[in-house]
Protein chains: 2
Amino acid sequence: MGLTKTEIFTDQQNTIAQLAKVLGHPARIAILQHLFRSDTCVCGDLVTEIGLAQPTISQHLRELKNVNLIQGSIEGTKVCYCINTEAWEGARELLFLFLSQQPKTNGDCC
Amino acid sequence: MGLTKTEIFTDQQNTIAQLAKVLGHPARIAILQHLFRSDTCVCGDLVTEIGLAQPTISQHLRELKNVNLIQGSIEGTKVCYCINTEAWEGARELLFLFLSQQPKTNGDCC
DNA sequence: ACACTTAATCGTAATATTGCAATGAACGAA
DNA sequence: TTCGTTCATTGCAATATTACGATTAAGTGT
């Protein structure tokens, strides 16, 4: 029905999935990479940098903000976005832990 | 339009996003965790383990197979699934690299 | 006040995802 | 063969996502 049954999973599973979901779009990957690369907090030149319309970029920025990975501050008519270092490191920690899992039987069994 | 414009992004960005997208559902996280935990390759008892209907689990398994994270082999009437170690390590590498990024200016600038 | 810039929001269209009942295909056992 | 088990596939309904034009809100400059 298009609706995820979050209630049958653990908080940890839901959190990992929610984070991964936000990273699950190339535009948001590109936005994050751009924010990491550019020393200064770039603003809406993400629109020209990435080839999507302004409302679309704004929507992606909101999703990144929703999980706290980025934050923005208003500078006149512009808005300055940057990585939320603390949240980013938390996300990294959580995903590292999940990705570090290894099969007990090394060597695939099927 | 519900259709991602993959053509305007790099292959790397698309690959990262595709992987993250597959990890972006708690059921698939739960399936992977179960496959890691259980020494033997479990089969359709994922259905009882996780509380979703059999067709739903089957669908999630297919998505995990599509990106090669798991593989299955037929054992009589049952199907035995397990982690594809090589692909898993490739995914880990790629995501580790992305997650390891750090802002140049340490300390958020906005 | 007026024009201009920037970015969020609204509304909408197209497509994707999630979940399941029903069905089908493949195998083992009686 | 027939029955039961296991899992994939099909078809469908409900919801979510992606993208953008049009508009709005807020700020700057003249």
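Remember, predicted model here, so these are calculated numbers, not experimental data. In what follows, chains are A, B, ... by sequence order, proteins preceding strands, each numbered from 1.
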Exercise for the section: Return the value, rounded to whole Å, for the distance between atom CG of B:Leu64 and atom P of C:dT17. Expected result: 14 Å
Practice task
Using side chain to side chain contact (heavy atoms under 4.5 Å, CB included) as the criterion, list what pairs up with A:Asn66, not counting sequence neighbours.
Solution key: A:Arg62
Exercise for the section: Have a look at A:Ile57 and say if it touches a base, only the backbone sugar-phosphate, or nothing, with a 4.0 Å heavy-atom cut-off. Expected result: nothing
Problem - Side-chain touch A:Gln102/B:Arg92, heavy atoms, less than 4.5 angstrom - result: yes
Completion exercise
Judged by nearest nucleotide, the residue sitting upstream toward the 5' end of DNA chain D, B:Gly44 or A:Thr56, is B:Gly44
Exercise for the section: Select base, sugar-phosphate, or nothing to describe what A:Ser58 touches, counting heavy atoms under 4.0 Å on all strands. Expected result: base
Exercise for the section: Measure from NE2 on B:His25 to C1' on D:dT17 and round the result to the nearest Å. Expected result: 14 Å
Practice task
Report yes if a side-chain nitrogen or oxygen of B:Arg62 is closer than 4.0 Å to either non-bridging phosphate oxygen (OP1 or OP2) of D:dT9; otherwise report no.
Solution key: yes
Problem - D:dA19 phosphate, OP1 or OP2, under 4.0 Å from A:His60 side-chain N/O - result: yes
Problem - A:Glu86 side chain reached by A:Asn84 side chain, heavy atoms, under 4.5 Å - result: yes
Problem - Salt bridge flag under 4.0 Å for residues A:Lys78 and A:Glu75 - result: no
Handout entry: Residues that A:Phe9 engages under ring-ring contact (aromatic ring centres under 6.0 Å, His included), provided they are two or more places apart
Key = none
Problem - Atom pair distance, as rounded to whole Å: CD in A:Gln71 and P in C:dA8 - result: 14 Å
Problem - Side chain of B:Lys21 - closest among D:dA8, C:dA16, C:dC10 - result: C:dA16
Handout entry: Separation of D:dA25 P from A:Gln54 CD (nearest whole Å)
Key = 15 Å
Practice task
Can you label the angle between the A:Phe98 ring and the B:Trp88 ring as parallel, tilted or perpendicular, going by 30° and 60°?
Solution key: perpendicular
Completion exercise
Among the nucleotides C:dA8, C:dA22, D:dC20, whichever has the atom closest to the side chain of A:Val79 is C:dA8
Between the protein and nucleotides 12-14 of chain D, list the N/O to N/O atom pairs that are separated by less than 3.5 angstrom.
from   : atom 1 : to     : atom 2 : distance (Å)
D:dA14 : N3     : A:Met1 : O      : 2.6
D:dA14 : N3     : A:Gly2 : N      : 3.2

